[in-house]
Number of protein chains: 2
Amino acid sequence: MEKYRRIGLKLTPQRLAVLHYLEGNKDHPSAEDIYRAVHKKLPTMSFATVYNTLSILKEKGSVLELTVDPDKKRYDPDTGQHDHLICISCKRIVDIPSTFRFDLPDSAKRNFAVIQRHVEYYGFCPECKKR
Amino acid sequence: MEKYRRIGLKLTPQRLAVLHYLEGNKDHPSAEDIYRAVHKKLPTMSFATVYNTLSILKEKGSVLELTVDPDKKRYDPDTGQHDHLICISCKRIVDIPSTFRFDLPDSAKRNFAVIQRHVEYYGFCPECKKR
DNA sequence: GTTACTGCAAAGCTTTTGCATCCCT
DNA sequence: AGGGATGCAAAAGCTTTGCAGTAAC
């Protein structure tokens with residue numbers, strides 16, 4: 001938690017609860033997932049505070065906002081380079097290591113200043129493909 | 001247009017207008033972009049019909065729904081394998097050829113049945129990086 | 001003549017915002 | 001004590017839906 005104080009966050013119980021829930025979380029939760037989990041521990045927790053906290057964490061680079069689920073945004077506390085397997089049926093998102101280099105040849109960049117790469121593999125997870 | 005009749009579409013003026021607008025379109029338009037463009041030619045055009053048409057085209061595999069813009073869905077009539085450069089400032093989306101093989105090693109698939117791969121490079125486009 | 005599509009308005013969801021109150025530092 | 005954070009409710013977007021009327025086949 002020291003690292004959050006260092007980036008200039010005012011440490012409220014609400015923020016600590018969100019940070020604690022996200023710590024090491026591999027589920028790529030939505031804002032509602034976070035709200036529901038944290039609300040159990042902290043019944044006064046509001047949606048506005050969840051979004052407010054996520055917005056600051058995004059800004060500070062401590063959380064990634066994923067736009068891979070057509071229905072809602074998902075959040076990833078793992079900001080290291082990795083790719084995603086996504087089930088188009090149950091919307092499960094699973095981390096996998098990147099299998100190739102980040103580099104895009106300059107000729108392909110069209111003068112963009114590229115900052116980040118996202119790679120997603122869409123399909124059916126083991127459970128959903130059974131049906 | 002023959003190919004749309006062949007996949008079992010009832011060809012209404014509204015659908016033809018949407019199909020014509022999407023044909024060869026490289027802008028990755030949103031539903032609203034499509035609505036505005038088609039509405040000029042066909043003033044009775046409604047949003048419901050835009051979404052209805054897109055939904056059918058998606059189903060038939062004639063259009064890809066992109067979830068790379070956090071604000072709204074974008075549509076891509078080019079269903080061949082290619083990657084995207086995305087400007088996080090103006091939301092412009094530019095096509096680039098894929099620079100590596102589709103294959104994901106079986107060991108990385110976690111038993112998913114992978115159907116599609118999406119690769120996006122996020123950053124600033126030439127115009128937006130000037131500021 | 002049927003069946004399916006259109007258009008309008010209302011509803012549904014996720015996310016954002018305004019503002020008074022509260023509390024971390 | 002002061003400035004920022006919280007919580008509530010309302011609002012804003014995008015997208016979906018219900019249904020009566022209409023048009024394609």
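Order of the sequence lines fixes the chain letters, A, B, ..., with proteins taken first and strands second; residue numbering starts at 1 for each chain. For the numbers below, each heavy atom of this structure counts, side chains included, while hydrogens, waters and symmetry mates do not.
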K.L.:
Hey, does A/P70 reach any base, or is it just sugar-phosphate, or nothing, if we go heavy atoms under 4.0 Å?
P.N.:
nothing
K.L.:
To the nearest angstrom, how far is B/H39 atom NE2 from C/dT6 atom P?
P.N.:
15 Å
K.L.:
Give a yes/no answer on whether the side chain of A/T49 brings an N or O atom under 4.0 Å of OP1 or OP2 in D/dG7.
P.N.:
yes
K.L.:
How many Å lie between CZ on B/R15 and C1' on D/dA24, as a whole number?
P.N.:
10 Å
K.L.:
From C-beta outward on A/T44, which listed nucleotide comes closest to its side chain: D/dG7, C/dC8, C/dT25?
P.N.:
D/dG7
K.L.:
Considering only side-chain heavy atoms of A/S46, which listed nucleotide, D/dA5, D/dG7, C/dC24, is closest?
P.N.:
D/dG7
K.L.:
Report the distance from atom CG of A/L57 to atom C1' of D/dA5, rounded to the nearest whole Å.
P.N.:
14 Å
K.L.:
Looking only at N and O atoms, is any donor in the side chain of A/K73 or the base of C/dT14 less than 3.5 Å from an acceptor on the other one?
P.N.:
no
K.L.:
Please report the distance, rounded to the nearest Å, between CG in B/L19 and P in C/dC5.
P.N.:
13 Å
K.L.:
Over all strands shown, is A/P43 touching base, sugar-phosphate only, or nothing at heavy-atom distances under 4.0 angstrom?
P.N.:
nothing
K.L.:
Can you tell me if B/K72 touches the phosphate of D/dC14, counting only side-chain N or O atoms and a distance under 4.0 Å to OP1 or OP2?
P.N.:
yes
K.L.:
Would you say B/Q14 places a side-chain N or O within less than 4.0 Å of OP1 or OP2 belonging to D/dA24?
P.N.:
no
K.L.:
Do A/D33 and A/S30 have a side chain donor and acceptor closer than 3.5 Å?
P.N.:
yes
K.L.:
Compare the minimum distances between each of D/dG3, C/dG7, D/dA24 and the side chain of B/T12, then state the nucleotide with the smallest one.
P.N.:
D/dA24
K.L.:
Atom CG of B/L54 to atom P of C/dC5: distance rounded to whole Å?
P.N.:
14 Å
K.L.:
For D/dT15, take OP1 and OP2 only and decide whether either is under 4.0 Å from a side-chain N or O of B/Y51.
P.N.:
yes
K.L.:
Kindly give the heavy-atom pair with the smallest separation between A/F112 and B/C87, and that separation in Å.
P.N.:
CE2-N, 3.7 Å
K.L.:
Decide whether B/H82 and B/D76 meet the rule of one side-chain donor and one side-chain acceptor closer than 3.5 Å.
P.N.:
yes
K.L.:
For B/H84 and B/H28, I'd like to know if the aromatic rings sit close, meaning centre-to-centre distance below 6.0 Å.
P.N.:
yes
K.L.:
Given that B/A31 and A/N52 both sit by DNA chain D, which one's nearest nucleotide is further toward the 5' end?
P.N.:
A/N52
K.L.:
Would you kindly give the CD1-to-C1' distance between A/I56 and D/dG3, to the nearest whole Å?
P.N.:
13 Å
K.L.:
Regarding A/D69 and A/K72, does a basic nitrogen lie under 4.0 Å from an acidic carboxylate oxygen?
P.N.:
no
K.L.:
Of the candidate nucleotides D/dG7, C/dT6, D/dA24, which contains the atom at the shortest distance from the side chain of B/P13?
P.N.:
D/dA24
K.L.:
To the nearest Å, give me how far apart CD (A/E65) and C1' (C/dT16) are.
P.N.:
13 Å
K.L.:
Mind calculating the distance between OH (A/Y35) and C1' (C/dT16) to the nearest angstrom?
P.N.:
16 Å
